[in-house]
Amino acid sequence: MQHFLRDILFLAFGMLFLAGCTNSKLKTKAKIAVVISTLNNPWFVVLGETAVERVNELGYEAVLFDSQNNPSKETEHFDNILSSGYKAILFNPTDANGSIVNVRAAKAAGIPVFCMDREINDTECATAQILSDNYSGCVAIGQEFVKNLNGKGTYLELLGIVGDNNTWNRSKGFHSVVDQYPELKMLAQQSADFDRNKAMEVTESMLQANPDVNAIFCGNDAMAMGAYQAVLAAGKSGTIQLYGFDGAEDVIDAIREGKIKATGMQFPKTMARTAAVLADQYLKGKRDFLQKMPVAVDLVTAENVEKYGSYEKAGE
Amino acid sequence: MWKNTVLTKRLANKSDPTIMKWKRLISISVLIVAALVAIRFSFYTEPLEEHRQKALLKQFSPNQLVDYHWENDLEALLQTAIPVQDFMDGMSADAKGYSEKHARVPCIGAKSYFLISGQTLINAISDQSLTIQLDDKTTGRIQIRFLFGNTARDATGWFNAADFQNTMDFNTLSTYLNTRILNEVAKPAADGLKTGDKLTWWGAVEIAPDNFPVTSLDIVPLWLKIN
């Protein structure tokens, strides 16, 4: 009889304990960190906000961190995240090499990291990397560029952040086409760090040295808009062709208005949503992920601009 | 009631020889199973081809990797090409469904890659391409002067982005493969060709299924044989 009562008591306590655990789980959502390289660029704002939105829809609590394009700031965020009970990280790195140490620290702490848009030069520590196919996108821009200039003329190039692989994938994709045409000459190439204001200053300076240039290829849309401002100020908005890359709203509008010739539509919303879904799958037990998932980039010109909205296809 | 069974009495008697024997047997079995599990998970298996690939990647540069596959795997690859008539019929009937079954799709997004082959007459020659007829409504342009992008790389299926630490190396594969195709396949074959010649060809194509049908298709040649 004693044993029987003892067993019943144990069972009752066990059930109460379990009920308590379940209740506590319902009250607190698991946290997922969204770490973005900079929120000073509308493209990255869309990436971050879409990731937060999808994470919240999936039933988690999303917290957004801005690394301000500063690897040290990014490391501070990771230190905070690793000690604050986050279950996963959706990550847009500041530097392909410099960010590896942060991802390794997260992996060592058992926290999966899903890179978005920018890669790290390591295939062992991130759980998955969702990246735009920048190279192919800029091959398409290069072909459009050659067609519009009839294979001859002079141009300038604005590069992005030199530590970002996207900068070089875009430039190499563009040059893989344009360098085949010996009558197309690059007069100057300079980095403007993907920044609109810096691009305006750099373009002003390059135009002073090369006033009769025919076109400017910019490694992203923010720089394309900065370059446009410089071209406008120089009174050459009708004569210098401008090309960007991203699919930002202001550039899509500028293509409609004939101010910019073309851009490459990346799909930050697709990348952000994919990363959020993969994190959810991981937290539900899946472990087998493709290390790198390229996302196709579409060429947007005046001929097809009506099919596109800001950062996605129209109607999506 | 269950307290009074023979079994429970025997269980209560710790020195019962039968019980001792069973306990020993269970302990040994558990130890053996634990040892087997430990041995099994102390190594992993992978297919031999995958292992060979990983070894290649560690020792070869992107260019050497292209050379290796071009010299060792091209012939086998060409035999997997889809006859162009089957390809056009399948895509015309259901582009999306056909792509899902037969295409290589290395990207999230709209593009699919195929290897196709055919035997056709050359309708026209320009300095950039050979024009052939793929079906009643579609012409093919076999590129002979400029090759851009990742069509050849992605259609072969030889390479996987996940195997490269950075995508710049992955894209270098395309640059080098395209150069090799131009120098060894396209340009030599194009010399001396004239309109009306019969050509056997194998090539890679990039398709956006949502945009099919198309009136013309660019083909990256992987092999050309003049009949």
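Below, chains carry the letters A, B, ... as their sequence lines are ordered, and counting in each starts from 1.
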Chemist: Quick check on the interface: out of B:Ala162, B:Ser174, B:Ala161, who has the most heavy-atom pairs with chain A under 4.5 Å?
Modeler: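 Highest number of pairs under 4.5 Å: B:Ala162.
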
Chemist: If you count every heavy atom of other residues, nucleotides or ligands that lies below 6.0 Å from A:Lys152 atom NZ, does the total exceed 12?
Modeler: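 Incorrect, the count does not exceed 12.
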
Chemist: Can you tell me how far apart CD1 (B:Ile108) and OG1 (A:Thr270) are? Round to the nearest 0.5 Å.
Modeler: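 Separation between the atoms: 8.0 Å.
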
Chemist: Drop me the distance from B:Asn171's CG to A:Ser136's OG, to the nearest 0.5 angstrom.
Modeler: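 It comes to 7.0 Å.
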
Chemist: Below 4.5 Å from any heavy atom of chain A, which atoms of B:Phe146 appear? Answer side chain, backbone, both or neither.
Modeler: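 When you check distances to chain A, only side chain atoms of B:Phe146 fall under 4.5 Å.
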
Chemist: Taking all atoms of both residues into account, what is the closest heavy-atom pair of A:Ala296 and B:Gly109, and its distance?
Modeler: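 Heavy atoms of A:Ala296 and B:Gly109 come nearest at CB-CA, 4.0 Å.
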
Chemist: Check the pair B:Asn166, A:Glu119 against side chain to side chain contact (heavy atoms under 4.5 Å, CB included), reporting the backbone distance first and the verdict last.
Modeler: CA-CA 7 Å; B:Asn166 67 65; A:Glu119 67 180 345; 3.6 Å; yes

Chemist: More than 12 heavy atoms of other residues, nucleotides or ligands under 6.0 Å from NZ of A:Lys286: yes or no?
Modeler: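 Result for NZ/A:Lys286: enclosed.
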
Chemist: Do A:Tyr135 and B:Thr175 meet the criterion of a side-chain donor-acceptor pair at a distance under 3.5 Å?
Modeler: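 Yes, because at least one side-chain N or O of A:Tyr135 sits under 3.5 Å from a partner of the opposite role on B:Thr175.
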
Chemist: Might you confirm whether atom CD of A:Glu124 has over 12 heavy atoms from other residues, nucleotides or ligands at distances under 6.0 Å?
Modeler: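 At most 12 heavy atoms, drawn from other residues, nucleotides or ligands, come within 6.0 Å of this atom.
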
Chemist: How long is the straight-line distance from CG of A:Asn121 back to CE of B:Met168, given to the nearest 0.5 Å?
Modeler: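 The CE atom of B:Met168 sits 6.0 Å away from the CG atom of A:Asn121.
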
Chemist: Sort out for me which of A:Asn165, A:Val177, A:Thr123 touches chain B most, counting heavy-atom pairs under 4.5 Å.
Modeler: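 So the answer, after comparing A:Asn165, A:Val177, A:Thr123, is A:Val177.
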
Chemist: How about A:Glu303: does its CD atom have over 12 heavy atoms from other parts shown lying under 6.0 Å from it?
Modeler: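 Check fails, neighbour count at 12 or below.
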
Chemist: Please report the interatomic distance CG(A:Asp133) to CG(B:Asp154), rounded to the nearest 0.5 Å.
Modeler: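 These two atoms lie 7.5 Å from each other.
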
Chemist: Counting only N and O atoms by type, is there a donor-acceptor contact under 3.5 Å from the side chain of A:Lys292 to the main-chain atoms of B:Phe164?
Modeler: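 A pair under 3.5 Å: yes.
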
Chemist: Say you draw a straight line from NZ of A:Lys172 to OG1 of B:Thr167; how long is it, rounded to the nearest 0.5 Å?
Modeler: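 Reported value, rounded in 0.5 Å steps: 10.0 Å.
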
Chemist: Where does A:Phe289 contact chain B at under 4.5 Å (heavy atoms): side chain, backbone, both or neither?
Modeler: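 Neither part.
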
Chemist: Measure the CZ-CG distance between B:Phe170 and A:Leu131 for me, rounded to the nearest 0.5 Å.
Modeler: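 With rounding to 0.5 Å, CZ (B:Phe170) is 11.0 Å from CG (A:Leu131).
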
Chemist: Is the number of heavy atoms from other residues, nucleotides or ligands within 6.0 Å of CH2 (B:Trp223) greater than 12?
Modeler: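 At most 12 heavy atoms, drawn from other residues, nucleotides or ligands, come within 6.0 Å of this atom.
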
Chemist: Using a cut-off of under 4.5 Å on heavy-atom pairs, state which of A:Gln143, A:Gln129, A:Met293 scores highest against chain B.
Modeler: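 When all of A:Gln143, A:Gln129, A:Met293 are compared, A:Gln143 has the most.
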
